[in-house]
Amino acid sequence: MALMSEVEQSYSEVARLYDARLRRINQIVLGVIALLTLSAGILVWLLLDEIYRQQELETKDRLTLNLAQTEKVLSIWQIQLGRELQSIASEPTTINDTKTLLEAYHRGEDLFTHQASITMRDRFDELSKRTHHLGFFIISPDAISLSSMRNENIGSKNLIAIHRPDLLARAFAGETVLIPPIVSDVAIDGEDQILNINLPATMFIATPIYGAKDNVIAVLTERLSPTNSFSSLIALGSIAAQGHTYAYNSEGALVSFIEGQDLLSTKVPFRGTHLETQATTDSYVDFFGTQVLAAYQYFPARGIGFASEIPVETAFSTYYKTRILIVLSLLGVLIAGVIFAIGLVLANRRSNNLLQKNNRTLETINQRLEMRDEQREEMVYTLSHDLKSPLINIARFSSRMASEYKDSLDKSQRHYLNRIDKNAERMSRLIESLFLVLQVESGTSRKTWVQSKEVIQEVLEMVDESLNSAGGTATVISDLPLLYADSNMLFDCIENLISNAIKYRDPSRAPRITISAVETVSGVDISVQDNGLGIAEHQQKNVFRIFKKINLTVGHGIGLTIVKSVMEKHGGSVSLDSEPGVGSTFTLHFPNGAPPPI
């Protein structure tokens with residue numbers, strides 16, 4: 001009995017040992033929860049990053065739209081000014097005075113005191129008291145100023161012909177044009193001088209004066225202030241109090257008013273070319289040393305461009321506040337988890353001490369347990385070493401608890417174990433997917449001359465079973481040339497595209513896949529065409545981004561990311577042409593490589 005009592009006592013101590021180990025498993029479970037919390041934090045951070053990019057894209061779209069609206073407003077203003085000036089140019093008095101001045105000019109008479117010039121001055125002097133008129137020119141076909149508000153520029157070559165002969169030629173061709181700010185030929189009251197020039201900036205609206213048979217005999221121009229209506233209209237496009245919208249000329253010089261900057265001498269701060277005729281978005285440091293988001297575009301027909309800027313801090317102020325709140329919340333959860341884990345460690349320390357005290361009386365049993373532990377640890381180590389993933393341990397521990405303690409676990413505990421399994425499986429898939437991308441992006445492409453026909457044939461043999469199961473066919477409709485490429489990466493590209501064509505097929509028809517190749521001046525284009533579901537235009541820009549899935553029921557959102565990465569490794573590109581309900585065509589462009597083998 002004493003022996004039995006000793007054995008019973010020994011088994012009781014063994015039970016305590018297992019109980020202690022159960023507590024260790026509980027600690028591991030808590031660790032898993034902490035890991036999942038950390039993973040959630042990472043995912044939230046990635047989500048915030050995506051939100052940032054979307055907000056950046058939306059802001060740039062607003063800035064780009066603002067350029068078009070600014071150009072439209074300026075067009076309306078030009079039309080209004082043009083109508084006023086055209087009404088003057090079409091008056092019989094203006095036409096007759098112009099003809100008289102032309103005759104006097106050709107006869108070599110004095111234009112300063114000529115009655116026709118005096119009449120024109122009186123008319124514009126009266127207009128300047130009522131509206132925005134600052135002066136005028138009547139310009140002859142050979143670009144000589146026949147009449148003006150000032151004597152010093154009469155009889156000389158007109159400054160518009162000096163600075164913008166192209167726009168003056170358009171006026172003589174019958175067009176009413178807006179002359180953007182240029183250096184003035186004379187000082188103007190109330191206008192600031194350009195740095196190091198001692199003359200102000202000036203601008204004009206120009207319209208033709210017609211004689212008999214609708215022929216243009218001269219051009220009438222009205223002088224305007226660049227710092228008044230012109231600058232005010234452009235500045236209306238600013239999308240925030242701290243933002244700016246302004247105009248610049250073909251030389252990249254500022255031509256609309258901004259506080260503290262000099263017209264025609266301050267250069268725009270763009271990193272790219274200021275003559276870009278398509279709307280360009282960028283981030284750079286503005287005139288005042290502030291990092292801004294901006295859009296700019298040059299309009300050749302006007303001879304000026306527009307730029308619209310907003311400080312980065314203003315554009316993303318809401319995002320920054322949201323991010324701080326989320327990060328602080330995650331830190332709070334993490335700190336609470338650490339405190340809870342420390343409490344568990346302290347609570348279990350007493351049990352660990354008890355196990356150490358009874359270790360001598362249970363030496364034999366402990367040796368057997370240690371042997372079993374060593375076997376289990378060796379097995380776990382082997383799995384961990386081979387699979388390179390701690391997620392296996394998470395799934396293993398949760399499965400063991402579910403089976404060994406199924407009679408003592410309540411519904412809530414089984415639910416938690418089930419959630420651990422699902423999250424571990426999801427994280428495993430995510431890590432595997434990321435590993436695939438990293439393999440491509442971090443690997444080195446080993447380019448050689450490859451028979452693309454052979455590689456594509458290998459792919460078709462590999463997918464033959466799944467293609468036949470779907471009742472589909474794959475056809476090569478052209479000769480497949482030599483490619484200077486990495487054969488393994490080429491295989492991955494074609495396999496992903498054909499597999500996608502099978503996975504995302506239209507359920508109402510069998511998949512039909514066509515593979516073709518075209519040799520171009522710059523390289524070789526290989527196209528994979530299907531008759532699947534197709535992709536809507538607004539979704540096409542996202543299909544090559546990692547984890548972006550158009551169909552949420554299949555796939556991991558990784559295949560097309562791999563295709564894009566492979567093509568970038570080759571210095572090439574991948575493009576998509578798709579129509580919902582018709583199908584998709586993916587084209588791989590491989591640039592020319594080394595000379596082909598003879």
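Because only heavy atoms are used, hydrogens play no part in the values below, and waters and symmetry mates are left out as well, while side chains stay in.
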Aromatic ring pairing Phe299/Phe306, orientation class (parallel under 30°, perpendicular over 60°, tilted between):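 Tilted.
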
Looking only at heavy atoms, what is the nearest atom pair of [X] and [Y], with distance?
| X | Y | answer |
| --- | --- | --- |
| Val476 | Leu460 | CG2-CD1, 4.4 Å |
| Leu67 | Ser308 | CD2-N, 3.9 Å |
| Thr281 | Ala295 | CG2-CB, 4.0 Å |
| Asp506 | Ser508 | OD1-OG, 2.6 Å |
| Leu293 | Val312 | N-CG2, 4.0 Å |
| Ser527 | Thr587 | OG-OG1, 3.1 Å |

Near [X] [atom1], under 6.0 Å, is it more than 12 heavy atoms from other residues, nucleotides or ligands?
| X | atom1 | answer |
| --- | --- | --- |
| Arg53 | CZ | no |
| Gln291 | CD | yes |
| Gln451 | CD | yes |

Just verifying a value: how many Å separate [X] [atom1] and [Y] [atom2], rounded to the nearest 0.5 Å?
| X | Y | atom1 | atom2 | result |
| --- | --- | --- | --- | --- |
| Ile76 | Leu233 | CD1 | CG | 9.5 Å |
| His163 | Ile182 | NE2 | CD1 | 5.0 Å |
| Ile310 | Arg62 | CD1 | CZ | 6.0 Å |
| Leu480 | Gln457 | CG | CD | 10.0 Å |
| Thr280 | Leu63 | OG1 | CG | 12.5 Å |
| Leu533 | Asn500 | CG | CG | 11.5 Å |

Can you find a pair of side-chain heavy atoms, one from [X] and one from [Y], that are under 4.5 Å apart?
| X | Y | answer |
| --- | --- | --- |
| Ile502 | Ser466 | yes |
| Tyr284 | Val268 | no |
| Asp525 | Ser516 | no |
| Met462 | Phe491 | yes |
| Ile304 | Leu178 | no |
| Leu490 | Ile456 | no |
| Arg302 | Gln78 | yes |
| Thr473 | Ile513 | no |

Stepwise ring pair (Phe, Tyr, Trp, His ring centres under 6.0 Å) test for Tyr296 and Tyr248: CA-CA 10 Å; Tyr296 55 88; Tyr248 58 90; 7.1 Å; no

Step-by-step side chain to side chain donor-acceptor pair (under 3.5 Å) determination, Gln54 to Glu58: CA-CA 6 Å; Gln54 289 296 328; Glu58 291 174 3; over 6 Å; no

Worked verdict on His244 versus Phe288 for ring pair (Phe, Tyr, Trp, His ring centres under 6.0 Å): CA-CA 11 Å; His244 296 96; Phe288 307 99; 5.3 Å; yes

Ile526 vs Leu483, side-chain contact (heavy atoms from CB on, under 4.5 Å): CA-CA, chis, key distance, verdict: CA-CA 10 Å; Ile526 294 182; Leu483 278 182; 3.4 Å; yes

Quick check against the 3.5 Å criterion: does [X] have a side-chain atom that pairs as donor or acceptor with the backbone of [Y]?
| X | Y | answer |
| --- | --- | --- |
| Asp530 | Ser584 | yes |
| His570 | Tyr484 | no |
| Asn531 | Ala510 | yes |

Side chain to side chain donor-acceptor pair (under 3.5 Å) between Glu309 and Tyr246, intermediate numbers included: CA-CA 9 Å; Glu309 302 169 346; Tyr246 54 85; 2.6 Å; yes

Partner of Asn496 under side chain to side chain contact (heavy atoms under 4.5 Å, CB included), chosen from Leu560, Ile562, Thr561: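 That would be Ile562; it is the only one of Leu560, Ile562, Thr561 passing the side chain to side chain contact (heavy atoms under 4.5 Å, CB included) with Asn496.
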
Evaluation steps, side-chain contact (heavy atoms from CB on, under 4.5 Å), between Thr290 and Val285: CA-CA 5 Å; Thr290 302; Val285 177; 6.0 Å; no

Working for side chain to side chain donor-acceptor pair (under 3.5 Å), residues Arg512 and Thr475: CA-CA 8 Å; Arg512 296 290 180 264; Thr475 307; over 6 Å; no

Stepwise side-chain contact (heavy atoms from CB on, under 4.5 Å) test for Leu497 and Val574: CA-CA 11 Å; Leu497 294 179; Val574 55; 5.7 Å; no

Short N-O contact, Glu568 and Lys564, less than 4.0 angstrom: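 Salt bridge: yes.
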
Test log, rule side-chain contact (heavy atoms from CB on, under 4.5 Å), inputs Arg164 and Asp166: CA-CA 5 Å; Arg164 295 308 304 265; Asp166 55 326; 2.9 Å; yes

